Participant: 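Structure incoming, see below.
The structure displayed is predicted, hence computed values, not measured ones. So that the names make sense, note that chain A is the first sequence line, chain B the second, and so on, each numbered from 1.
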Number of protein chains: 2
Amino acid sequence: MESRHLRYALALAEHQHFGRAAASLGISQPPLSAQIAAVEREIGERLFDRTPRGVFPTAAGVAFLARARRALCEMTAAAVEASRAARGETGRLRMGFIGSALLDPLPGVLGRFRRTLPDVRLDLREMSSPESAAALVAGELDVAVSRGAPRGAGVEGLVTVPIGADHLVAVVGVGHPFAGRAEIRLEQLAAERLIVAAPEQEPAVAAHLRGLFGVDATALDTATLSRDIHTITGLAACAVGVGLGPSRMRLASRKDIWFCDVAPRLRLPDLQLSFRAADDSPVLAAFLDVVRANCAEVGSRLDGVLAGRRARSSEPAPDRG
Amino acid sequence: MESRHLRYALALAEHQHFGRAAASLGISQPPLSAQIAAVEREIGERLFDRTPRGVFPTAAGVAFLARARRALCEMTAAAVEASRAARGETGRLRMGFIGSALLDPLPGVLGRFRRTLPDVRLDLREMSSPESAAALVAGELDVAVSRGAPRGAGVEGLVTVPIGADHLVAVVGVGHPFAGRAEIRLEQLAAERLIVAAPEQEPAVAAHLRGLFGVDATALDTATLSRDIHTITGLAACAVGVGLGPSRMRLASRKDIWFCDVAPRLRLPDLQLSFRAADDSPVLAAFLDVVRANCAEVGSRLDGVLAGRRARSSEPAPDRG
DNA sequence: CGCACGCGATATCTTCAGAGTATGGAGTCG
DNA sequence: CGACTCCATACTCTGAAGATATCGCGTGCG
């Protein structure tokens, strides 16, 4: 049984006439008769009643035609779905991200992704930077947004591009002496009770801060550790101390807190977008297109990385287009 | 796109190896390569990654294969369903019947039908004999069980076989003088208040009774008219009068009624099974097979009728078996 | 480091199924 | 009763699928 037989049977059922059905198929009448006869011989049942008033499906024909229609629909859908999958319009993208990324780059990127590729299932999982790096290497994620480039085993197989810079800012409750001041000096922080991200959550930030404070890191050793930005601002609002975090923390502003720049301006490890270099998934490619379209400066960085990948992957099939 | 392409792609996905997939398909490797290449060219996307460690579907291939599997399932199902439909194992049978048929022939016939052809939808509608005849002619029913052969326009297109004989019996409440008597004479009934089927429900019976009672039909003119057998027995139990009905009414026995044979034994119009002579539906044929298997005496009557039909319908395709 | 092997792609030939043309036969209608 | 319509049959032909032989390439083992 070939799909041609299904098409021919459907055309015959539609036109109820061998000659016209054959014409609609672009063939002459005898081959159509032969093919229909072949199907009937294969199934062992007559599918059409040839009457002087037209050709009508038998009970067997009705049952056959119903399935034939569905089969042909599946076949065309196979081609369409394959094409869409190749363009990354269907499928799944598993993304790990740190909570602070939800404040700045992710809303725009994810919104655009949803709009341009509505049929891609987005699996979003908030996780710490070390967790996302491990999950990416293990193949449990397709893309990760972390702070600082991934560390650990297998990261050489990852491509990483910076997607957001931050400098250190302080946050205090509105009752704190710092409230109302545009900036404070780093030295002033050493005397304060600090609130910072937990090292196991953001080791890159923790190490960076320790470097900034130098040998006199007692302030850090007695700091209150927080899981995420919202805990830092919340604790600052409770006057537990002075929160320290990335500048995008300002986007999580509240009425009861005040942000101060820290002088000198101290750059934190960048937000990084990572994915497996060997991952040629079209969904990932489509996602990277969205990222590139959304942030121009990231785009140029990505282009450099992707140029190499695309050149390599297009070599085996240069005649594809 | 041909179903062959789907089969080849599925085999390749299964074996992850061109050579072995080709062998499993009974062809050599080069044609398989060519066919896979043809599909990929038609869709415009690579469906398989040829790696030194095996052949694996791309994202497009995964989407394609999923649909391909379904399409092939539908195709085989088309053949199977057509075959089943031709044998009358699927489809629908619309039957009209009079209530009294539910007492005797229908339980056995319908039970066997359900058992042997569980996937045929049975549409059962109780209706009077004239109604079922009209519905049969109009194509709203496939088969009818009525009392007496159908009358009216279009009945010449129907085939009718008797499927049950009845004689007239009387039914009375247990308090009635007739109670306990095995039989009573027809003349004795003329003096009783009678309960009979309404003429519009069963005109054949009504006409027959009028013939039996002859010119002195005043008893019938003043009779209580009932819609069905259960109303007759129910009214008899209430001592409203003497019920008259077909002998299969005995099967609707109750503690509070008594049945008497009527002497002389008066045969009522037979229960008749009717269907359109032009109806070559396999479901109808399968149903008639069940009827034949269920009642031997009906079978022989049916055989005579069906022999002619089958000879005619098999002429155009004598080589079918 | 090189050779051999495995595997997919390519080239060329062959075959057969499907398509075309011509015609036959059955049924219908004027 | 003849002409017409329509499907089936007979026969030829073409093209696509398949077979055989071979190439190119990458891998892995010696």
Participant: Determine: side-chain N/O of B:S33 to OP1/OP2 of C:dA9, distance under 4.0 Å, yes or no.
Facilitator: yes
Participant: Measuring from the side chain of A:F18 (C-beta onward, heavy atoms only), which nucleotide among C:dA9, D:dC7, D:dG18 has the closest atom?
Facilitator: D:dC7
Participant: Once rounded to the nearest 0.5 Å, what's the spacing between atom CG of A:L10 and atom CG of A:L72?
Facilitator: 5.5 Å
Participant: Side chain of A:P30, heavy atoms from C-beta onward: which of D:dA10, C:dG27, D:dC7 has the nearest atom to it?
Facilitator: D:dA10
Participant: From D:dA21, D:dA19, C:dA19, pick the nucleotide closest to the side chain of B:S28?
Facilitator: D:dA19
Participant: Students often get this wrong, so: under 4.0 angstrom with heavy atoms, is B:G54 touching a base, only sugar-phosphate, or nothing?
Facilitator: nothing
Participant: Under 3.5 Å, is there any donor-acceptor pair linking the side chain of B:Q35 to the base of D:dA17?
Facilitator: no
Participant: Between B:E81 and A:F64, is any pair of side-chain heavy atoms under 4.5 Å apart?
Facilitator: no
Participant: Can a salt bridge be assigned to the pair B:E40 and B:R50 using a cut-off of 4.0 Å between side-chain N and carboxylate O?
Facilitator: yes
Participant: Which nucleotide wins on minimum distance to the side chain of B:R20, given the candidates D:dT9, C:dC7, C:dA19?
Facilitator: C:dC7
Participant: Could you say whether A:R53 or A:H5 is positioned toward the 5' end of DNA chain C, judged by the nucleotide with the nearest heavy atom to each?
Facilitator: A:H5
Participant: Please classify the nucleic acid contact of B:Y8 as base, sugar-phosphate, or nothing, using heavy-atom distances under 4.0 Å.
Facilitator: sugar-phosphate
Participant: Please report, rounded to the nearest Å, how far the C1' atom of C:dT10 is from the CZ atom of B:R50.
Facilitator: 14 Å
